[in-house]
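Since we're looking at a predicted model, the values are computed, not measured. Just the heavy atoms: all of them, side chains too, but no hydrogens, waters or symmetry mates, feed the values below.
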Amino acid sequence: MDTSENKPKVMSCRFIDFQKATDGEQRTVSLLKLFPEPERDATGRIVRIRPLKSALHSREVFNVLQPYVSARFTTQFKAVVPLAAYLILFQILILRQLVQDSWIITGGLLAVILGLMFFMEGLKLGLMPFGTLIGETLPRKSALPVVLIITLLLGVGVTFAEPAISALKTAGQNVVAESAPYLYALLNLWSDTLVLVVGASVGAAAVVGTLRFIYGWNLKPLIYLTLIPIIGMSIYVANDPELSKALGLAWDTGAVTTGPVTVPLVLSLGIGIAAAAGKGDSGLSGFGIVTLASLFPIGGVLLLLLYVAATLTPGEIIQAAASQAAVAQASQLAWHARSPGQEIILGIRSILPLVLFLYLVLKIILKEKLQHRSEILLGIGMTIVGMCIFNLGLTYGLSKLGGSAGGLVPMAFLEIDGVKGSPIYVYSVGLTLALLFAWVLGFGATVAEPALNALGITADKLTNGVFKKRTLIIAVSVGVACGIALGLAKLIFHWPLIMLIIPGYLVAVILTFFSSEAFVNIAWDSAGVTTGPITVPLVLAMGLGFGDATNAVEGFGILSMASIGPIITVMISGLWSRYRVYSETRVSSESTKVSDTGILEELA
């Protein structure tokens with residue numbers, strides 16, 4: 001049956017004919033009429049064309065911003081919520097304790113997410129263009145000594161702007177002067193000086209790292225030369241019963257300094273200087289500064305500790321602490337000295353000096369105009385707002401949650417005053433659960449770290465696929481997990497920190513000696529990328545809460561163990577990967593020789 005007659009006939013026509021057939025109207029409008037009248041000078045020449053102002057309705061604004069905000073909110077949500085959920089579920093299901101002040105902690109965690117969202121986006125829009133422009137322009141317009149001085153000052157500024165540095169000041173509120181006078185003095189009486197010393201140490205590390213880029217120094221000798229005085233001062237401090245209580249703080253500061261502000265800003269300047277000197281094409285460009293920025297602050301804080309010990313006696317510190325407490329009780333603190341005003345002022349003080357310093361360098365030394373001014377000012381405003389909100393979230397969210405979980409974990413195997421039903425489990429089971437809790441926390445926090453994924457891609461390219469991205473991520477995560485578990489064991493068994501530091505770094509130095517320069521750069525830098533603005537305050541608060549519950553004098557030292565762990569595991573993985581490649585190459589070459597011998601015998 002032929003159905004071709006039933007098919008509708010399709011006709012083609014031009015669009016202009018269609019418009020005429022449907023009485024459509026067409027108007028020709030000059031493009032000039034769509035824009036405002038341009039500004040002209042006295043001669044009638046156009047000097048500026050005014051941009052067309054567009055008016056958007058609220059619904060259109062929402063549709064434009066929703067995907068943009070949603071993606072950034074989701075990124076921070078994924079970084080904060082899994083860790084918080086893990087702590088809460090462990091506390092409820094394993095420790096059988098409800099979370100106190102749950103609504104306050106929930107609001108604090110939301111503030112952390114929003115604060116980091118604003119802060120990271122503002123960092124990208126506002127501060128990073130500063131660092132990139134200065135890094136590219138400064139070496140071409142200034143002498144090397146001027147460049148190095150600015151690098152040093154930049155190190156101080158970025159340290160104050162690190163979100164995790166606020167966690168150190170928060171931790172100082174939990175230290176008792178009578179138990180650890182010098183630790184109390186550093187975190188309370190000398191807190192601003194402490195941050196200044198840490199910042200100067202980061203600046204010195206940036207200077208040395210930049211000189212390394214220029215002159216092509218290997219990282220291995222710098223590591224050896226840096227560790228020798230640090231280990232020497234640590235041994236001296238560990239032998240003093242009062243000074244030893246601040247040793248954990250000194251080693252933990254190395255983990256606080258390498259965050260989302262310090263690393264990109266300092267790296268952009270260092271790589272820019274190396275590129276200007278014609279040394280920027282090396283595959284290892286950018287490596288090493290993070291390592292030095294992790295080690296130098298340890299030495300700086302140890303020197304400050306020795307200075308404070310030479311200046312003040314424990315009795316004077318305890319008396320000063322009592323006077324501070326009496327003044328605080330007798331008079332109401334000013335609004336800027338108590339929450340939430342304190343967190344807001346701290347957020348402004350952290351960012352504004354760095355912005356002013358960068359702007360002065362740009363205008364006075366470089367004599368450059370600020371491109372995309374409105375966008376950069378918006379980014380700076382977002383950075384300041386984000387820092388203030390993050391500080392509030394740190395106080396009411398991360399610190400409270402970490403302190404609560406850390407204070408309750410010991411009840412799994414110890415009897416704690418004021419907590420009914422403790423210990424929950426027999427000693428061996430409860431101890432295993434506590435250490436497993438710390439291990440899983442460290443592994444989960446590290447696997448989700450975005451900076452680690454970027455380092456894995458770089459390592460894969462740098463080693464030509466010998467060291468896979470997945471191998472690096474697993475090695476670093478296992479190292480951090482073992483380090484945090486070891487740090488927790490130190491608090492449980494009251495081990496001296498020096499007994500963990502010396503063997504750990506001795507193993508690291510031996511592995512460094514046998515590893516190639518590429519693997520050394522990757523391994524030592526991996527310790528710096530794992531300590532982000534969420535992990536540091538959470539682990540610090542957990543350690544202090546755990547130490548308080550187990551009657552430890554101080555709860556520091558966990559972060560230092562989390563730093564040495566990945567260095568060891570990454571270099572072991574690197575040596576194993578290199579051995580496997582060597583073995584496969586050797587087997588392949590032997591097979592080729594056997595095959596060639598067989599062919600020659602057949603021909604003979």
Requested in this report: Would you confirm whether Ser404, through its side chain, and Lys400, through its main-chain N or O, come within 3.5 Å as a donor-acceptor pair?
Outcome: no
Report task. Can you tell me which residue pairs pass the side-chain hydrogen bond (donor to acceptor under 3.5 Å, both in side chains) test with a partner in residues 108-119, sequence neighbours excluded? Result -> none
**Report entry** Partner of Ile223 by side chain to side chain contact (heavy atoms under 4.5 Å, CB included), out of Thr226, Leu219, Leu225
**Finding:** Leu219
Query raised in the report: From Leu506 CG over to Leu511 CG, what is the distance, rounded to the nearest 0.5 angstrom?
Result: 9.5 Å
Report task. State, with a plain yes or no, whether a side-chain heavy atom of Ile231 is found less than 4.5 Å away from one of Ile501. Result -> yes
Report summary line: The side chain to side chain contact (heavy atoms under 4.5 Å, CB included) partners of Ile344 (sequence neighbours excluded) come to Ile348, Cys388
Report task. Determine the minimum heavy-atom distance between Leu394 and Pro537, stating which atoms define it. Result -> CD1-CB, 3.1 Å
Report summary line: Nearest heavy-atom approach of Val202 to Pro297 is CG2-CG, 4.1 Å
**Report entry** Under 3.5 Å: donor-acceptor pair, side chain of Lys245, backbone of Ser179
**Finding:** yes
Query - Flag, side chain of Asp240 to backbone of Tyr236, donor-acceptor distance under 3.5 Å - result: no
Report task. Looking only at non-hydrogen atoms, find the nearest pair between Ala562 and Pro566 and report the distance. Result -> O-CD, 2.9 Å
Report summary line: Ser526 and Val476 have their tightest heavy-atom pair at CB-CG2, 3.8 Å
Report task. Using a cut-off of 6.0 Å, state whether more than 12 heavy atoms not belonging to Phe546 lie near its atom CZ. Result -> yes
Query raised in the report: Would one find more than 12 heavy atoms of other residues, nucleotides or ligands at under 6.0 Å from atom CD of Glu316?
Result: yes
Requested in this report: Could you please spell out the steps behind the side chain to side chain contact (heavy atoms under 4.5 Å, CB included) verdict for Glu242 and Ile317?
Outcome: CA-CA 12 Å; Glu242 294 297 337; Ile317 295 172; over 6 Å; no
Query raised in the report: So, do Phe437 and Phe90 have ring centers that fall under 6.0 Å from each other?
Result: yes
Query raised in the report: How many angstroms lie between CD1 in Ile230 and CH2 in Trp251, if you round to the nearest 0.5 Å?
Result: 6.0 Å
Query raised in the report: So, does Ser244 use its side chain to make a donor-acceptor pair with the main chain of Val237 at under 3.5 Å?
Result: no
Query raised in the report: Within the side chain of Thr151, is there an N or O that forms a donor-acceptor pair under 3.5 Å with the backbone of Val207?
Result: no
Requested in this report: Kindly indicate whether the side chain of Leu497, heavy atoms from C-beta on, has any atom under 4.5 Å from the side chain of Met561.
Outcome: yes
Report summary line: CG of Leu559 to CD1 of Ile564, rounded to nearest 0.5 Å, is 14.0 Å
Query raised in the report: Say you draw a straight line from OG of Ser191 to OH of Tyr184; how long is it, rounded to the nearest 0.5 Å?
Result: 10.0 Å
Requested in this report: Output, in order, the C-alpha distance, side-chain angles, deciding distance and verdict of side chain to side chain contact (heavy atoms under 4.5 Å, CB included) for Leu354 and Leu154.
Outcome: CA-CA 8 Å; Leu354 174 61; Leu154 180 64; 3.9 Å; yes
Report task. Check Val208 against Trp217 and note the closest heavy-atom contact, atom names and distance. Result -> O-CZ3, 4.3 Å
Query - Derivation and outcome, side chain to side chain contact (heavy atoms under 4.5 Å, CB included), residues Phe296 and Val198 - result: CA-CA 8 Å; Phe296 276 39; Val198 171; over 6 Å; no
**Report entry** Residue pair Thr569 / Val480, side-chain heavy-atom distance below 4.5 Å
**Finding:** no
Report task. Can you run down the side-chain hydrogen bond (donor to acceptor under 3.5 Å, both in side chains) pairs that involve residues 380-398, sequence neighbours left out, and say none if there aren't any? Result -> Ser166-Asn391, Ser339-Tyr396, Glu343-Thr395
Report task. Starting at CD1 of Ile351, measure out to CG of Leu356 and round the result to the nearest 0.5 Å. Result -> 11.5 Å
Report task. Grab the two heavy atoms, one from Ala508 and one from Ile567, that are nearest each other, plus how far apart they are. Result -> CB-CG2, 4.1 Å
Query raised in the report: Could you state the interatomic distance from CG (Leu292) to CG (Asp525), rounded to the nearest 0.5 Å?
Result: 8.5 Å
Query raised in the report: Got a donor-acceptor contact below 3.5 angstrom from the Lys490 side chain to the Phe556 backbone?
Result: yes
Query raised in the report: Short question: side chain of Lys220, backbone of Thr512 - any donor-acceptor pair under 3.5 Å?
Result: yes
Query raised in the report: What do the steps show when you test Val156 against Phe357 for side chain to side chain contact (heavy atoms under 4.5 Å, CB included), and what is the final call?
Result: CA-CA 11 Å; Val156 178; Phe357 170 72; over 6 Å; no
